[in-house]
K.L.:
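Before we start, here is the structure in question, set down as structure tokens.
In what follows, residues are counted from 1 in the order of the sequence shown. The figures here come from the full heavy-atom set of this structure, side chains too, leaving out hydrogens, waters and symmetry mates.
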Amino acid sequence: NEIDINYRLKNLTLPKYNFIKKFIKKNNGKKWLDLASGLGDMPYLLKKKKWNVTSTEIYKPFIEYAKKKLGVEHTNLLLDEYFSHHKKNNLEKFSVIGALGYFDILPDPTKHAKIINKLLKKNGTIAVNIPINDSFSGILTSIFPEHSLRQITPMDFSVFSKKSIFKMLKNAGFKVTGVWFHGLDYYELISKLIQKSNKYSDEKKIKLLLDFFNVFQEIIDKKEMSDLMLICAKKVKEVNI
């Protein structure tokens with residue numbers, strides 16, 4: 001229930017930022033590139049935290065919202081286009097590159113990870129928020145594919161296993177430094193139960209089930225079976241594209 005942008009900033013954006021900053025190398029500058037930045041909530045927060053921020057976004061309604069509501073000027077370029085612009089103008093490399101909700105929409109994610117490597121300083125940090133196939137939601141999806149809400153969406157090109165995302169980052173010159181398991185697996189379970197039920201769903205009963213959300217989701221997260229991972233990784237070597 002996202003009441004307004006302040007709700008999103010407090011409950012989604014700030015917790016992610018607080019996790020990422022624990023793995024940023026000190027004295028490596030404060031220059032941050034936020035890819036596919038959407039509404040612009042992350043660059044908005046970063047500016048308040050005194051970061052030098054560049055953000056990219058190609059979806060026009062998001063670009064307009066970010067500019068009008070948050071004063072965030074997105075760069076309307078795809079990553080390969082931005083990389084060419086950055087290289088042509090000999091711009092300074094970044095300390096951090098955020099790719100939250102980015103890699104799942106790519107048909108060739110390894111190529112993009114290598115471009116990010118080229119844009120980062122040595123020991124720079126990449127932050128990736130990624131959907132996980134070998135998760136509780138992934139199991140539900142394999143059993144009930146016709147009722148999937150969290151995975152196998154029209155937007156998803158790449159859904160990773162835990163092993164495959166680590167391998168991709170390693171092949172792109174990164175070393176994983178931190179992982180945060182989180183997700184909406186319990187919500188996915190409830191949604192499937194409702195969809196599979198032949199009876200009218202009683203709102204009070206559904207609300208009762210949802211009241212246990214945090215309890216059940218915490219168990220799934222602790223078992224490292226959540227359908228999302230926020231991964232921080234450090235650039236440890238240069239790679240060729």
K.L.:
Decide whether Ile105 and Phe160 are clustered together by the hydrophobic rule: side chain heavy atoms of Ile, Leu, Val, Met, Phe, Trp, Tyr closer than 4.5 Å, transitively.
P.N.:
yes
K.L.:
What distance separates Lys16 NZ from Leu12 CG, expressed to the nearest 0.5 Å?
P.N.:
5.5 Å
K.L.:
Count I, L, V, M, F, W, Y as connected when their side-chain heavy atoms are under 4.5 Å apart, and connections chain through other members. Are Ile241 and Val236 then in the same cluster?
P.N.:
no
K.L.:
Between Glu92 and Lys121, is there a salt bridge with N-O shorter than 4.0 Å?
P.N.:
yes
K.L.:
State, with a plain yes or no, whether a side-chain heavy atom of Leu230 is found less than 4.5 Å away from one of Leu228.
P.N.:
no
K.L.:
Roughly how far, to the nearest 0.5 Å, is the CG atom of Leu189 from the CD1 atom of Ile139?
P.N.:
11.5 Å
K.L.:
Could you check if a side-chain atom of Val72 sits within less than 4.5 angstrom of a side-chain atom of Leu39, using non-hydrogen atoms only?
P.N.:
no
K.L.:
Where is the tightest heavy-atom contact between Ser142 and Pro145, given as atom of each residue plus distance?
P.N.:
O-CD, 3.8 Å
K.L.:
Would you say the side-chain atoms of Lys235 pair up with the backbone N or O of Asn117, donor to acceptor, closer than 3.5 Å?
P.N.:
yes
K.L.:
Any chance you could measure Lys10, atom NZ, to Ile5, atom CD1, to the nearest 0.5 Å?
P.N.:
14.5 Å
K.L.:
How about NZ on Lys93, more than 12 heavy atoms from neighbouring residues, nucleotides or ligands closer than 6.0 Å, or not?
P.N.:
yes
K.L.:
Between Asn28 and Ser95, what is the shortest heavy-atom contact and its length?
P.N.:
O-OG, 2.8 Å
K.L.:
Can you list the residues that meet the salt bridge (charged side-chain N to carboxylate O under 4.0 Å, His left out) rule with Lys207, with sequence neighbours excluded?
P.N.:
Asp211
K.L.:
Going by salt bridge (charged side-chain N to carboxylate O under 4.0 Å, His left out), name the residues that satisfy it together with Lys48, two or more places apart in sequence or in a different chain.
P.N.:
none
K.L.:
For residues 51-58, tabulate all N or O donor-acceptor pairs below 3.5 Å that involve a side-chain atom, not counting sequence neighbours.
P.N.:
| unit_1 | atom_1 | unit_2 | atom_2 | d |
| --- | --- | --- | --- | --- |
| Trp51 | NE1 | Tyr17 | OH | 3.2 |
| Ser55 | OG | His74 | ND1 | 2.7 |
| Thr56 | OG1 | Ala36 | N | 3.2 |
| Glu57 | OE1 | Ser37 | N | 3.3 |
| Glu57 | OE1 | Gly38 | N | 2.7 |
| Glu57 | OE2 | Tyr59 | N | 3.0 |

K.L.:
Are Lys223 and Ile220 side-chain neighbours, meaning at least one heavy-atom pair lies under 4.5 Å?
P.N.:
no
K.L.:
Measure the spacing between CD1 of Ile190 and CG of Leu184 and express it to the nearest 0.5 Å.
P.N.:
12.0 Å
K.L.:
Taking atom CG of Leu33 and atom CZ of Phe83, what is their separation to the nearest 0.5 Å?
P.N.:
12.0 Å
K.L.:
Can you get from Phe136 to Leu193 by hopping between Ile, Leu, Val, Met, Phe, Trp and Tyr side chains that sit under 4.5 Å apart?
P.N.:
yes
K.L.:
Are Ile20 and Trp32 side-chain neighbours, meaning at least one heavy-atom pair lies under 4.5 Å?
P.N.:
yes
K.L.:
Any pair with a residue in residues 75-88 that passes side chain to side chain donor-acceptor pair (under 3.5 Å), sequence neighbours left out, goes on the list, sorted by first then second residue, please.
P.N.:
His85-Asn89
K.L.:
Which atoms form the tightest heavy-atom contact between Phe181 and Val179, and what is the distance?
P.N.:
CE1-CG1, 3.5 Å
K.L.:
List the steps and the verdict of side-chain contact (heavy atoms from CB on, under 4.5 Å) for Asp134 and Lys163.
P.N.:
CA-CA 9 Å; Asp134 50 342; Lys163 184 177 180 180; over 6 Å; no
K.L.:
Which heavy-atom pair separates Phe19 from Cys232 by the least distance, and what is that distance?
P.N.:
CE2-SG, 4.0 Å
K.L.:
Keeping to residues at least two apart or across chains, list the side chain to side chain donor-acceptor pair (under 3.5 Å) pairs with something in residues 123-132.
P.N.:
Asn129-His182
K.L.:
Does Tyr187 share a hydrophobic cluster with Ile219, counting links as ILVMFWY side-chain heavy atoms below 4.5 Å and allowing steps through other members?
P.N.:
no
K.L.:
Considering non-hydrogen atoms only, spot the tightest contact between Leu70 and Tyr44 and give its length.
P.N.:
O-CD1, 3.5 Å
K.L.:
Side chains of Gln195 and Phe144: does their closest heavy-atom pair fall under 4.5 Å?
P.N.:
no
K.L.:
For Lys114, give me all partners under salt bridge (charged side-chain N to carboxylate O under 4.0 Å, His left out), at least two apart in sequence or on another chain.
P.N.:
none
K.L.:
Where the side chain of Lys30 meets the backbone of Lys49, is there a donor-acceptor pair that is under 3.5 Å apart?
P.N.:
yes
K.L.:
Short question: side chain of Gln217, backbone of Phe213 - any donor-acceptor pair under 3.5 Å?
P.N.:
no
K.L.:
Do the side chain of Lys118 and the main chain of Val239 share a donor and acceptor less than 3.5 angstrom apart?
P.N.:
yes
K.L.:
Do Leu79 and Ile116 come within less than 4.5 Å of each other through their side chains, counting heavy atoms only?
P.N.:
yes
K.L.:
Which heavy atom of Phe174 sits nearest a heavy atom of Ala233, and at what distance?
P.N.:
CB-CB, 3.8 Å
K.L.:
Under a single-linkage definition using a 4.5 Å side-chain heavy-atom cutoff for Ile, Leu, Val, Met, Phe, Trp and Tyr, are Tyr186 and Ile143 assigned to the same hydrophobic cluster?
P.N.:
yes
K.L.:
With heavy-atom distances below 4.5 Å as the criterion, would you say the side chains of Met225 and Lys162 are in contact?
P.N.:
yes
K.L.:
For a 4.5 angstrom cut-off between non-hydrogen side-chain atoms, does Met168 reach His112?
P.N.:
no
K.L.:
Apply side chain to side chain donor-acceptor pair (under 3.5 Å) to Ser137 and Asp185, showing your working.
P.N.:
CA-CA 5 Å; Ser137 289; Asp185 306 81; 2.9 Å; yes
K.L.:
Hey, is NZ on Lys234 packed in by over 12 heavy atoms from elsewhere, all under 6.0 Å?
P.N.:
no
K.L.:
Which distance, rounded to the nearest 0.5 Å, do you find between the NZ of Lys205 and the CG of Leu208?
P.N.:
10.0 Å
